[in-house]
Amino acid sequence: MPHTSILRAGAAWALALALVCSASGAQAQRPINTPTAATATPLPWPPVATFSILGYDPETGEVGGAVQSRVFSVGNGVLWAEAGVGVVATQAIVDVSYGPQALALLKSGMAPDAVVKTVWERDPDPRPENWTKQGRQFAVMDAQGRVAAFTGPKASTWAGDKQGVYCSAQGNILAGPAVVADMVKAFESTTGHLSLRLLAALEAGQRAGGDTRGMQSAAMLIVKKNGGVWLNNDVVLRLQVDDNPEPIAELRRLVEKAATMRRPVRR
């Protein structure tokens with residue numbers, strides 16, 4: 001091989017090696033599962049960095065929630081609802097048992113603020129070193145639209161919640177407080193079916209910056225006694241977008257499709 005060809009080949013090899021090292025370094029700077037302010041050691045699982053909205057429609061008696069996050073299949077564990085009882089969103093340094101626990105306490109007659117206090121205080125905090133209860137976030141709404149929420153002091157910043165008329169918005173690892181404020185405003189100012197109001201809230205939250213890591217999945221759950229299709233079905237709508245670069249847009253497509261098939265709602 002001529003001397004110049006050897007030099008070119010060596011340079012190309014060095015450039016390729018540099019690119020590989022550079023890419024590896026970039027990946028090392030953006031680990032998926034990093035410690036947060038809530039922990040001193042790596043988290044066992046990624047936090048459910050999420051923004052969600054719970055809402056109630058006094059005209060129809062429907063109650064439900066919607067959520068979006070930069071995790072796969074966020075609907076798998078965040079939203080819990082039972083017709084005639086209420087709806088729960090559990091997220092951040094999440095313990096999914098908060099959902100069924102909260103519904104059981106609502107069903108016993110406990111008010112949402114007492115439910116939030118009871119569920120959190122009796123959490124045994126089994127993994128305080130890397131999955132602390134101080135980082136949990138959840139919201140509870142009863143079947144009359146009364147709501148309460150909790151954002152732990154060690155939930156990943158920015159984290160917080162805001163309540164409005166028959167709604168509560170909450171989130172963590174967000175662009176800032178405008179996310180939840182705009183969600184409440186959108187829910188309160190949107191008309192039409194509860195699904196459209198919940199969807200408008202998600203869209204407003206995303207416009208305000210949403211989850212700072214981006215988007216991946218979304219979900220919606222709405223219930224009412226015998227409000228679903230077929231017999232003995234309390235699920236008005238259960239939609240999940242598990243993995244999509246534009247999950248809220250896909251959720252809108254599904255919500256609008258469902259609207260074309262919805263029968264008149266009886267109170």
Side-chain angles (χ1 to χ4, degrees), residues 48 50 52-67 74-128 131-153 155 159-172 180 184 187 194-195 197-198 219-228 230-238 265-267:
V48 184
T50 296
S52 67
I53 181 82
L54 301 184
Y56 168 71
D57 185 346
E59 296 298 317
T60 65
E62 295 172 339
V63 65
V67 59
V74 70
N76 182 23
V78 171
L79 297 176
W80 302 80
E82 184 175 344
V85 177
V87 61
V88 182
T90 176
Q91 53 201 58
I93 308 300
V94 65
D95 178 344
V96 296
S97 76
Y98 276 34
Q101 285 187 66
L103 289 176
L105 291 173
L106 285 177
K107 200 167 188 177
S108 74
M110 191 176 288
D113 56 349
V115 169
V116 167
K117 185 174 186 293
T118 300
V119 170
W120 190 79
E121 287 184 348
R122 74 184 187 186
D123 183 338
D125 203 10
R127 303 190 63 162
W131 206 252
T132 172
K133 68 186 279 185
Q134 300 291 336
R136 312 241 200 275
Q137 184 179 56
F138 68 116
V140 178
M141 176 177 279
D142 69 13
Q144 290 75 47
R146 297 178 299 175
V147 68
F150 171 83
T151 297
D161 55 82
K162 183 176 178 63
Q163 289 68 53
V165 179
Y166 295 132
C167 68
S168 176
Q170 44 281 323
N172 59 97
V180 292
V184 168
F187 181 88
L194 181 59
S195 61
R197 301 178 69 191
L198 295 171
M220 182 180 293
L221 177 60
I222 298 174
V223 298
K224 180 192 172 187
K225 195 67 178 174
N226 293 318
W230 309 305
L231 187 63
N232 294 317
N233 183 13
D234 297 337
V235 178
V236 176
L237 208 58
R238 186 196 304 274
V265 177
R266 297 185 184 90
R267 185 67 170 95

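When a residue number appears, it is its place in the shown sequence, counting from 1. Fair warning: this is a prediction, and the values are worked out from it, not measured in the lab.
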Sorted by chain and number, sequence neighbours left out, side chain to side chain contact (heavy atoms under 4.5 Å, CB included) with Ala83 holds for Val223, Lys225, Asp234

Could you pull out the closest heavy-atom pair between Cys167 and Val184, with the gap in Å? SG-CG1, 3.9 Å

Would the distance check show the side chain of Trp80 and the main-chain N or O of Gly77 forming a donor-acceptor pair, the cut-off being under 3.5 Å? yes

Would a distance-only check, ignoring hydrogens and angles, find a side-chain to backbone donor-acceptor pair under 3.5 Å from Gln134 to Gly152? no

Looking at every non-hydrogen atom in both residues, tell me the closest pair between Val88 and Leu103 and how far apart they are. CG2-CD2, 4.0 Å

For Asn76, all residues meeting side-chain hydrogen bond (donor to acceptor under 3.5 Å, both in side chains), sequence neighbours excluded: none

Which atoms form the tightest heavy-atom contact between Tyr166 and Pro58, and what is the distance? CE1-CG, 3.6 Å

So, for Gly75 and Ala219, which heavy atoms are closest and what is the spacing to 0.1 Å? CA-CB, 3.5 Å

Going from CG on Leu237 to CG on Leu194, what distance comes out if it is rounded to the nearest 0.5 angstrom? 9.5 Å

Would Val78 and Thr90 satisfy side-chain contact (heavy atoms from CB on, under 4.5 Å), going step by step from the backbone distance to the final call? CA-CA 5 Å; Val78 171; Thr90 176; 5.6 Å; no

Residues that Val147 engages under side chain to side chain contact (heavy atoms under 4.5 Å, CB included), provided they are two or more places apart: Met141, Gln163, Ser168

Show, in sequence, the C-alpha distance, side-chain angles and deciding distance for Trp120 and Asp125, and conclude whether the side-chain contact (heavy atoms from CB on, under 4.5 Å) test is met. CA-CA 9 Å; Trp120 190 79; Asp125 203 10; over 6 Å; no

For a quick test of reading the model, state the closest non-hydrogen atom pair linking Gly171 to Gln137 and the distance between them. O-NE2, 3.0 Å

Quick one: list whatever passes side chain to side chain contact (heavy atoms under 4.5 Å, CB included) with Pro126, sequence neighbours left out. Asp123, Pro124, Arg136

Do the side chain of Gln170 and the main chain of Val180 share a donor and acceptor less than 3.5 angstrom apart? no

Who passes ring pair (Phe, Tyr, Trp, His ring centres under 6.0 Å) against Tyr98, sequence neighbours left out? Phe138

Can you tell me how far CG of Asn233 sits from CG of Asn226, rounded to the nearest 0.5 angstrom? 8.5 Å

pair Leu198-Ile222: side-chain heavy atoms closer than 4.5 Å: yes

Under the salt bridge (Lys or Arg N to Asp or Glu O under 4.0 Å) definition, can you give me all pairs with a residue in residues 137-153, not counting sequence neighbours? Asp142-Arg146

Mind running side-chain contact (heavy atoms from CB on, under 4.5 Å) on Leu79 and Val67 for me, showing each step along the way? CA-CA 8 Å; Leu79 297 176; Val67 59; 3.9 Å; yes

Any residue meeting side chain to side chain contact (heavy atoms under 4.5 Å, CB included) with Val165, in chain and number order, not counting sequence neighbours: Glu188

Kindly state each residue pair satisfying salt bridge (Lys or Arg N to Asp or Glu O under 4.0 Å) with at least one member in residues 90-100, sequence neighbours excluded. none

Let me check something: any side-chain donor-acceptor pairs from residues 106-115 under 3.5 Å, sequence neighbours excluded? List them with distances.
| residue | atom | partner | partner atom | Å |
| --- | --- | --- | --- | --- |
| Lys107 | NZ | Glu82 | OE2 | 2.8 |
| Ser108 | OG | Leu105 | O | 2.6 |

Smallest heavy-atom separation, Val116 atom then Phe150 atom, equals CG1-CB, 3.6 Å

With no hydrogens and no angle check, is any side-chain donor or acceptor of Arg238 less than 3.5 Å from a backbone partner on Leu221? no

Test your reading of the model: is there a side-chain donor-acceptor pair from Lys224 to the backbone of Thr60, 3.5 Å cut-off? yes

